[in-house]
Amino acid sequence: MTAAETIRARSDAASEESPDIDVDVARRLGTRRGMLASVGGSAIARLTVMPLSALLGIVVTRLILDNYGEATYAQYTLLVGIAALLPFADLGLSAAILNAASAAGNPRTDLNFRGVLVSCIRLLACCALVLLTVAVGIYAFGYWDALLGDGLSLDSGALAATLCLAILALNLLVSFGQRILIALGLNTLVVLLGALQTPIVLLVLWLTISAGAGGGYIAVASYAGTFLVSVIAFVVAVRRTSPTIGIAIRQSFSPRVRGERVLNVAWPMLVQMIALPIAMSSDRLVLSHLGSLDDLTEYSLTMQMFGPALGVLTTAGMSLWPVFARARATGTATPFSPHAMAGMFAALALIGGTLIVALSGWLAELASGGRIHLGWPILVAGAIFIVVQAVKQPYGMALTDPRGLAFQAVCALVLLPVNLGLTISLTPSLGAPGPLIGSIVAVVICQLAPNMILVRQRARRAALVDETRETGVRHQ
């Protein structure tokens with residue numbers, strides 16, 4: 001009997017003895033076939049969605065420019081970018097929900113999962129209220145022009161910005177449904193649902209143009225599309241976990257009901273959500289100061305080429321979070337070890353990176369019309385960078401318990417000055433490849449190597465405990 005068949009047999013037997021085990025979830029997260037289907041399905045879905053979204057995005061851009069002009073397009077891109085400045089709006093509470101939902105034997109009846117939801121719903125409601133108050137306050141005092149600058153050029157700009165931030169606040173109240181679906185092994189569905197956002201914007205834009213209305217509120221449609229996707233995912237999550245979410249929402253209003261502890265997981269996730277984007281986005285700023293214009297454009301085009309591959313690997317890696325979380329909760333081994341998964345991810349990244357390097361000349365010609373030439377040093381650095389990031393994914397997902405996340409948060413904080421220092425040191429002599437080489441070295445030293453060592457140490461301790469238990473059983 002294979003390992004997958006053994007796990008499946010145990011799941012079936014356990015479900016017959018106890019109603020507190022969801023067999024479908026156990027098979028998706030506890031068998032090799034289910035694990036590979038989740039990871040592969042997520043990657044394929046992302047690969048399918050990306051070109052479609054990119055194409056529709058180009059259509060949206062063209063329609064805005066042709067019908068409303070550059071000022072409207074500038075305001076649209078400015079307002080859409082607000083969401084990217086607030087990736088930490090949920091305070092990292094999504095990590096607590098992911099862990100609790102993944103660890104639940106049956107999410108319909110698990111009391112710990114319900115308690116975590118009670119705590120998170122209360123905190124998310126506070127976050128939404130603060131964000132909504134800030135949005136209304138900025139509008140009331142007329143500070144949007146000062147905050148967003150000349151890009152907010154239309155008369156509708158201030159109100160549009162307020163509506164965007166208000167919808168973003170409301171989205172916090174339902175977006176955790178997507179995390180629950182990921183925890184249930186349905187990351188592929190989450191990725192496919194995300195593809196609805198751009199078509200929604202395109203539909204609203206077409207209706208706006210057909211009605212002869214102004215284009216100042218098009219950005220609001222982008223936030224509304226994201227909110228609608230979150231609502232759909234939330235409804236699916238409610239059905240999949242019924243009656244847990246409904247009970248948790250009702251109990252969150254009762255001061256007598258005490259929720260579970262969540263901040264021990266949320267704060268380290270929050271630190272990473274803030275630190276890592278800063279570390280990676282500082283490269284362009286350094287190039288702008290210490291490099292030439294050609295260096296900056298060469299780096300930007302390289303990252304534009306390798307970015308989609310990195311997005312696919314990150315999406316596939318997210319599918320591993322519930323696998324490791326569930327294995328920790330049940331005290332069982334994962335269908336594949338983190339080292340095996342790291343090897344698989346590295347192989348996929350190497351294939352993808354090689355393909356991008358091979359097509360780089362054509363891609364550069366298509367994107368820049370031959371004005372930007374990419375040398376082999378930066379192309380090789382880009383390929384190595386996505387391989388390193390790919391290998392890091394399984395080890396990071398294996399360390400998503402409270403202590404593991406805290407360890408990763410410390411590593412992320414150390415990464416900030418190390419990456420910045422290396423980038424500043426290498427850019428004057430190496431030019432465009434300097435920031436990428438600095439990021440590779442920083443990620444390996446500050447994240448990949450420490451995570452790998454900790455995962456190995458934990459595996460050895462677990463093996464020693466199992467050996468001790470077996471020895472005790474033999475003596476008895």
Side-chain angles (χ1 to χ4, degrees), residues 84 87-88 271-318 342 345-346 348-357 360 363-364 372 374-397 399 407-453:
F88 49 85
V271 170
Q272 293 183 68
M273 292 168 69
I274 296 174
L276 293 179
I278 293 176
M280 294 299 106
S281 62
S282 62
D283 293 347
R284 286 184 175 86
L285 184 61
V286 173
L287 273 173
S288 178
H289 285 280
L290 301 180
S292 64
L293 180 61
D294 289 340
D295 291 334
L296 182 58
T297 55
E298 188 177 347
Y299 174 88
S300 299
L301 183 58
T302 301
M303 294 307 296
Q304 187 176 353
M305 289 182 183
F306 287 97
L310 187 59
V312 171
L313 292 167
T314 303
T315 301
M318 181 59 67
F345 271 63
L348 292 174
L350 185 60
I351 294 172
T354 303
L355 183 61
I356 293 172
V357 171
S360 60
L363 293 173
I372 302 176
L374 301 179
W376 68 264
I378 195 169
L379 291 172
V380 172
I384 295 175
F385 179 72
I386 65 168
V387 171
V388 170
Q389 291 288 349
V391 174
K392 189 188 74 174
Q393 289 295 322
Y395 293 112
M397 293 302 148
L399 299 173
F407 176 80
Q408 292 193 72
V410 173
C411 291
L413 291 175
V414 175
L415 175 72
L416 275 172
V418 173
N419 182 73
L420 182 61
L422 287 171
T423 301
I424 292 175
S425 301
L426 296 174
T427 297
S429 57
L430 299 180
L436 268 177
I437 295 174
S439 296
I440 292 169
V441 175
V443 170
V444 170
I445 294 176
C446 301
Q447 289 187 293
L448 179 57
N451 287 357
M452 187 184 299
I453 292 172

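For the numbers below, each heavy atom of this structure counts, side chains included, while hydrogens, waters and symmetry mates do not. Note that the coordinates shown come from a computational prediction; the quantities given were computed from them, not determined experimentally.
- With hydrogens and angles disregarded, a donor-acceptor distance shorter than 3.5 Å links the side chain of Q408 to the backbone of G396.
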Worked verdict on T297 versus D294 for side-chain hydrogen bond (donor to acceptor under 3.5 Å, both in side chains): CA-CA 5 Å; T297 55; D294 289 340; 4.6 Å; no
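- In this structure, SG in C446 is found 8.0 Å from CG in L422, a value given to the nearest 0.5 Å.
- A heavy-atom distance below 4.5 Å is not found between the side chains of I437 and F385.
- Minimum heavy-atom separation, E298 to G375: OE2-N, 3.4 Å.
- Between V391 and F345 there is no side-chain heavy-atom pair separated by less than 4.5 Å.
- Residues I278 and I274 have side chains in contact (heavy-atom distance under 4.5 Å, counting atoms from C-beta outward).
- With N419 contributing its side chain and A279 its backbone, the two residues share a donor-acceptor pair below 3.5 Å.
- Closest approach of P433 and P377 over heavy atoms only: CG-CB, 4.0 Å.
- Rounded to the nearest 0.5 Å, atoms CG (D283) and CG (L426) are 10.5 Å apart.
- In terms of modelled atom types and a separation under 3.5 Å, the side chain of T315 and the main chain of G311 share a donor-acceptor contact.
- In this structure, L301 and L374 have side chains that are in contact, with non-hydrogen atoms separated by less than 4.5 Å.
- Here the shortest heavy-atom pairing between A349 and L313 reads CB-CD1, 3.8 Å.
- Between S425 and S429, the shortest heavy-atom distance links the atoms O-OG, 4.2 Å.
- Distance CE/M305 to CG/L310: 15.5 Å, rounded to 0.5 Å.
- Atom CD1 of I445 is separated from atom CD1 of I440 by 12.0 Å, given to the nearest 0.5 angstrom.
- Here I378 contributes atom CD1 and Y299 contributes atom OH; the two are 8.0 Å apart, rounded to the nearest 0.5 Å.
- With contacts defined as side-chain heavy-atom distances shorter than 4.5 Å, the pair L415/L276 qualifies.
- Applying the side chain to side chain donor-acceptor pair (under 3.5 Å) rule to pairs touching residues 377-396 yields H339-Y395, Q389-K392, K392-Q447, sequence neighbours excluded.
- Looking only at side-chain heavy atoms (C-beta outward), T427 and P435 come within less than 4.5 Å of each other.
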Side chain to side chain contact (heavy atoms under 4.5 Å, CB included) evaluation trace for N451 with F407: CA-CA 8 Å; N451 287 357; F407 176 80; 3.5 Å; yes
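- Atom OG of residue S282 and atom CG of residue L287 lie 10.0 Å apart, to the nearest 0.5 angstrom.
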Criterion side chain to side chain contact (heavy atoms under 4.5 Å, CB included) on V357 and V380, from CA distance to verdict: CA-CA 8 Å; V357 171; V380 172; 6.0 Å; no
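- For P277 against Q272, the heavy-atom pair with the smallest separation is CD-O, 3.6 Å.
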